[in-house]
Amino acid sequence: MNQLQNFSKGFFKENPVFVLLLGMCPTLGVTSSAINGLGMGLATTFVLVMSNVVISAVKNFIPAKVKIPSFIVIIASLVTVVELVMQAYLPALYKSLGIFIPLIVVNCIVLGRAEAFASKNTVLTSTMDGLGMGLGFSMALTMLGSAREFLGSGRLFGITIFPEDYGMLLFVLAPGAFIVLGYLIALIRRLRKA
Amino acid sequence: MAQKESTFFSMTATLFVVTFVAAGILGFIHDLTKDDIARAKLKAQKEAIESVLPKFDSLGNSYKVLPQDGVDSLVFFPAYDTNHQLVGTAVKTYTKKGFSGLFSVMAGLAPDGTITGYEILEHKETPGLGAKMVKWFKNASKPKQNIIGKNPGTTKFQVSKDGGDVDAITASTITSRAFLDAIVRAYKTYEGSQQHQEATKNQPKEGGQS
C-alpha cells in the first residue's frame with residue numbers, strides 16, 4: 001500500500017465513523033451543529049497525527065504487555081498540551097471547543113489507530129494514516145452536524161436557510177443523532193458497493 | 001519486529017520513563033502557558049463587564065458577597081464614571097438549576113437594580129434549545145422576553161408559566177427558569193450588599209416609586 005492510499009482510506013474505504021464505527025460517543029454527542037462537528041473533527045485530527053507520530057517513533061522501546069497503558073499516558077499528555085496551549089493563545093477557539101478537548105482522550109479512534117496501526121508501522125506511514133483518519137472523521141462529523149443542524153433548526157454553519165420554527169427539534173436532540181447516523185451509514189454502504 | 005520483551009524490569013522501567021517524561025513535559029507547558037491563560041481569562045472577564053454595563057470610566061475593586069441561599073459567593077465589579085459616581089455593578093452570578101447543571105452569567109445592574117445587560121459566561125445547555133438564552137432575553141423587539149431595562153424589584157422575574165412576567169424560551173422552560181434564578185440571585189444579593197445601600201442613600205429619592 002502506498003502513502004497516498006494510507007491517507008485516502010480514512011475518507012471512504014475505512015472511514016472511522018461510517019465504516020469502522022469507532023468514536024461513536026463524541027460523534028453522537030457533539031454533532032448538534034456543523035461547526036461543532038468540524039471543530040471536534042479537526043481537534044481530534046491534530047491529536048491523532050501527533051499521537052501516531054510519537055507512538056510509531058517509540059514503539060520498539062515499549063514491551064507488548066504495557067503497550068496500552070503507555071499509549072494512554074502519551075495520548076492524555078498530548079491532549080492536555082493541546083488544551084493548555086489553546087487556552088493560552090486561542091481563547092476564542094477554546095471557548096467554543098473547550099468541552100470537547102478532554103473528550104479526545106477517551107476517543108477510541110486515537111487509541112484504536114495507535115494500537116492497530118502506529119504500533120506496527122513507520123513514522124511516515126503512521127502520519128499519513130493519522131491525517132487521513134482524522135480528516136475522514138472530521139468529514140463524517142461535519143456531514144452529521146450539517147444534516148442535524150439543517151433539519152433541526154433550519155441553519156447551516158449558523159446561516160439561516162429556513163425559519164427556525166419549522167425545524168424538527170428531534171434532530172437537535174440525541175435521538176436525531178442516531179437516526180441521521182443510521183441513514184448516513186446506509187448511504188455510504190450503498191455508495192461503496194456501487 | 002524488534003519488540004522489547006515483557007519482563008518485570010522492562011515493564012516497570014518503561015512505564016516509569018513514559019510517565020516521567022509526560023509529567024516533565026506537562027509541567028513545562030503548564031509553566032509556559034500559566035500567565036497567558038490567566039491574562040486571557042482576565043481579558044474575557046473585562047470584555048464581559050464592558051458589554052453588560054453602560055459606558056464607564058474605571059472599575060473599582062471587585063468584592064465577593066455570599067447570597068442568602070447559596071454556598072458559593074458572587075463576585076461584584078463596581079464601575080464608576082469620571083466623577084467617581086457609581087454607574088453600575090457587574091455581578092458574576094450562577095445557577096445550579098440549569099438543564100445540564102451549573103452555568104454562570106455576568107449580569108449588569110444599574111445603581112437602582114435595573115438590569116442593564118447580561119452575558120452568559122459558561123454553560124452546557126442543549127444547542128438549539130436552552131443555548132438560545134445567550135440572545136433570547138435581550139431581544140429588544142420582543143418586550144415579553146426582553147429583560148434589559150427591567151427591574152426585578154418591580155417586574156416579576158419568573159417565566160409566564162409560573163405566573164411571572166418573562167416569556168420562557170420555546171421548549172426550554174427549565175433553562176429559562178434557571179437563567180432567571182441566576183439573575184434574581186444577583187439582584188437580591190446586590191440589594192442586600194453595602195454598596196447598594198450607600199448608592200440609594202446618596203441618591204435623591206424619586207417620588208412615586210412602587
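Throughout, protein chains are lettered first and strands after them, A, B, ... in sequence-line order, and every chain is numbered starting at 1.
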Open item on the list: Looking at every heavy atom in both A:Val85 and B:Thr33, which two are closest together, and how far apart are they?
Closed with: CA-CG2, 4.3 Å

- [ ] Could you tell me whether B:Phe157 atom CZ has more than 12 heavy atoms of other residues or ligands within 6.0 Å of it?
- [x] yes

Task: Approximate separation, where rounding is to 0.5 Å, of B:Leu26 CG and A:Glu83 CD - done: 11.0 Å

Task: Flag if over 12 foreign heavy atoms under 6.0 Å of NZ, B:Lys92 - done: no

Task: Distance, nearest 0.5 Å, that separates CG of B:Asp36 from CG of A:Leu90 - done: 11.0 Å

- [ ] Using non-hydrogen atoms and a 4.5 Å limit, figure out which bit of B:Ala44 sits close to chain A: side chain, backbone, both or neither.
- [x] neither

Open item on the list: My understanding is that only residues two or more places apart in sequence, or in another chain, count here; which of them pass side-chain contact (heavy atoms from CB on, under 4.5 Å) with A:Met50?
Closed with: A:Phe46, A:Leu78

Task: B:Ile25 and A:Ser77, any side-chain heavy atoms less than 4.5 Å apart - done: no

TODO: First locate atom CE of A:Met86, then atom CD1 of B:Ile37, and finally report the distance between them rounded to the nearest 0.5 Å.
DONE: 12.0 Å

TODO: Below 4.5 Å from any heavy atom of chain A, which atoms of B:Lys41 appear? Answer side chain, backbone, both or neither.
DONE: side chain

- [ ] Name the region of B:Ala171, side chain, backbone, both or neither, that has any atom closer than 4.5 Å to a heavy atom of chain A.
- [x] side chain

TODO: Indicate the atoms forming the closest heavy-atom contact of B:Val18 with A:Ser70, along with that distance.
DONE: CG1-O, 4.0 Å

- [ ] May I ask you to check whether over 12 heavy atoms, not counting those of B:Lys188, lie within 6.0 Å of atom NZ?
- [x] no

- [ ] Count the heavy atoms of every other residue, nucleotide or ligand shown that sit under 6.0 Å from CZ of A:Phe178, and state whether that count exceeds 12.
- [x] no

Open item on the list: So for atom NZ, which belongs to B:Lys144, do other residues, nucleotides or ligands contribute more than 12 heavy atoms lying within a distance under 6.0 Å?
Closed with: yes

